[in-house]
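We count ligands from 1, going down the list as the structure has it; atoms in each ligand are counted the same way.
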Amino acid sequence: MKILLASSEVHPFSKTGGLADMVGALGKALAAAGHEVGIVTPLYRGIRERFTELRATDHRVEVPIGDARVAAGIAELQLSKRLTVYFVDQRDYYHRLALYGDNNTDYPDNPQRFIFLSKVVVQLARDLPAGPFDIVHVHDWQLGLVPALLRSEAHRTGWHSPRTVLTIHNLAYQGRFAGGGFGLTNLPPAFFTPAGIEYYGDVNCLKAGIIYSDFITTVSPRYAREICTEAHGCGLDDVLRARRARLAGILNGVDYDEWNTHRNLHLRHPFSLRKLAGKAATKLDLQRELGLPARADVPLFATVTRLADQKGVDLLLAVLEEMLATNLQFVILGSGDPALQLGYQALAERHPTKAVARIGYDHALAHRIEAGCDFFLMPSRFEPCGLNQMYSLRYGAIPIVRRTGGLDDSVVDLSENAQLANGIKFTEFTSRALAGAIRKAHALYRTPKILARMRKNAMAADYSWNRTTTEYEQVYRQALA
Ligand code: ADP
């Protein structure tokens with residue numbers, strides 16, 4: 001098949017979270033399976049400097065954004081024989097300090113920036129010499145308008161347009177803005193109704209994607225069920241229920257070329273299931289790096305996360321105060337909500353020999369933390385898929401997760417299967433439940449035999465892209481049917 005992916009972030013070029021990892025890895029996996037794959041994404045500041053093989057092309061695009069016309073160049077990078085990335089070079093929109101906003105505030109022109117990107121995707125789907133494409137697969141609200149725009153363009157010009165798939169990585173972000181901005185889409189007014197793009201008078205880009213795409217996926221089976229309920233539907237559960245027959249949950253895969261413990265630029269001591277000595281050495285190194293006492297006998301708990309409501313980091317902060325009275329160490333790497341940043345920094349100041357807060361974004365440190373820690377905490381309120389728990393499994397760190405979304409689908413608790421257990425789960429979103437899970441981990445650390453078995457199960461768990469790729473191929477076939 002010929003498949004055009006489109007995403008506002010793609011690893012290794014740009015990333016704020018799991019979306020980037022997933023799209024980068026999906027592109028690679030589909031190309032390896034024999035498909036012709038293109039990926040459209042913005043040329044953000046710094047990408048050209050970091051990827052010098054990138055080359056400008058003669059291809060130029062120009063699209064209307066309301067009454068204005070906006071143009072962009074297209075730069076290209078051939079990643080492998082069947083995989084090409086198309087970067088949309090529009091300096092005013094994308095040459096900025098961050099992807100979506102500064103100082104915890106979204107850029108006010110995000111609607112224009114991503115309506116523009118969506119329109120460029122439609123043009124490229126029609127005009128790229130690599131086409132015609134069978135499938136255009138878009139991700140999250142930033143590209144949510146593509147299916148509607150494609151449909152409108154096909155209707156207007158008689159173009160036999162590609163089929164569309166939308167993947168929802170997080171239903172909480174919908175790209176909602178005042179209805180007065182609908183004109184920016186230049187779509188016919190018939191699209192702006194409650195049965196279409198309108199949502200209580202506003203434009204809702206994700207809703208548009210749900211309604212107009214040929215197939216919808218989300219990133220774990222449990223999250224696919226959850227978002228059809230009022231409790232997790234973020235106001236779109238009825239829209240999703242109406243399309244349930246065309247909605248599938250596919251657990252994200254892990255790119256083990258990148259996330260492995262034996263061939264990894266970021267790790268000084270390689271290790272594997274059979275040779276665990278490197279893990280012990282990595283832990284001691286990490287403790288020293290963080291300024292903690294280098295002690296093999298003290299369990300090291302860690303998390304690497306956006307500091308956002310979703311991640312349950314407020315609950316964790318409340319519980320840690322009590323937990324740090326026991327014999328454990330804790331490190332957090334993350335950034336986001338300023339109040340949480342301050343909260344974790346203050347916690348670390350109160351417990352200088354036990355807790356460390358690294359505020360910021362550090363890819364290499366994220367690898368060292370996953371590899372060096374004993375337990376990886378993910379007490380999320382909700383979690384569409386979550387990648388860190390799968391990374392921590394491979395890195396021999398036992399994940400402690402709340403039973404929600406992809407966390408529930410990817411971790412096995414002792415109570416579910418004593419032989420195959422690879423992590424610790426708790427259900428209620430309460431300090432009591434989280435503290436209970438941390439106490440269990442503590443007890444487990446003093447039971448080396450069971451810990452060793454769980455670590456073995458964890459490291460052997462296979463979330464590679466083979467299975468995931470096959471499931472996406474099935475979805476594409478259904479979209480084409
Ligand atoms: P989400 O996409 O909701 O943020 P995921 O668990 O799916 O959550 O993916 C998070 C990804 O972002 C992981 O690859 C994780 O290592 C990375 N990440 C998050 N915060 C940081 C940080 N402060 N430094 C480095 N990597 C981070």
Margin query: Going by ring pair (Phe, Tyr, Trp, His ring centres under 6.0 Å), name the pairs with one or both residues in residues 9-31, residues two or more places apart or in two chains.
Written below: His11-His363, Phe13-Phe51, Phe13-Phe87
Note every protein N or O atom lying under 3.5 Å from an N or O atom of ligand 1, pairing the names and giving the distance.
{"residue": "ligand 1", "atom": "2 (O)", "partner": "Gly18", "partner atom": "N", "Å": "2.6"}
{"residue": "ligand 1", "atom": "3 (O)", "partner": "Arg306", "partner atom": "NH2", "Å": "2.8"}
{"residue": "ligand 1", "atom": "3 (O)", "partner": "Lys311", "partner atom": "NZ", "Å": "2.8"}
{"residue": "ligand 1", "atom": "4 (O)", "partner": "Arg306", "partner atom": "NE", "Å": "2.8"}
{"residue": "ligand 1", "atom": "6 (O)", "partner": "Leu387", "partner atom": "N", "Å": "3.0"}
{"residue": "ligand 1", "atom": "7 (O)", "partner": "Leu387", "partner atom": "N", "Å": "3.4"}
{"residue": "ligand 1", "atom": "8 (O)", "partner": "Lys311", "partner atom": "NZ", "Å": "3.0"}
{"residue": "ligand 1", "atom": "9 (O)", "partner": "Gly18", "partner atom": "N", "Å": "3.2"}
{"residue": "ligand 1", "atom": "14 (O)", "partner": "Lys15", "partner atom": "NZ", "Å": "2.8"}
{"residue": "ligand 1", "atom": "14 (O)", "partner": "Asp21", "partner atom": "OD2", "Å": "2.9"}
{"residue": "ligand 1", "atom": "16 (O)", "partner": "Asn388", "partner atom": "OD1", "Å": "3.2"}
{"residue": "ligand 1", "atom": "23 (N)", "partner": "Gly360", "partner atom": "O", "Å": "2.8"}
{"residue": "ligand 1", "atom": "24 (N)", "partner": "Asp362", "partner atom": "N", "Å": "3.0"}

Margin query: Applying side chain to side chain contact (heavy atoms under 4.5 Å, CB included), can you list everything that pairs with Pro338, at least two apart in sequence or on another chain?
Written below: Asn104
Next item on the list: Only counting residues at least two apart or in another chain, list the ones meeting side chain to side chain donor-acceptor pair (under 3.5 Å) with Tyr107.
Entry: Asp102
Notebook entry, point to check: Which one of Arg306, Arg222, Lys311 satisfies the salt bridge (charged side-chain N to carboxylate O under 4.0 Å, His left out) criterion with Glu383?
Noted result: Lys311
Notebook entry, point to check: Can you name the one residue among His351, Gln287, Lys283, Arg295 that meets side-chain hydrogen bond (donor to acceptor under 3.5 Å, both in side chains) with Gln329?
Noted result: Gln287
Next item on the list: Evaluate the ring planes of Tyr476 and His137, with Trp represented by its six-membered ring, and classify them as parallel (under 30°), tilted (30 to 60°) or perpendicular (over 60°).
Entry: perpendicular
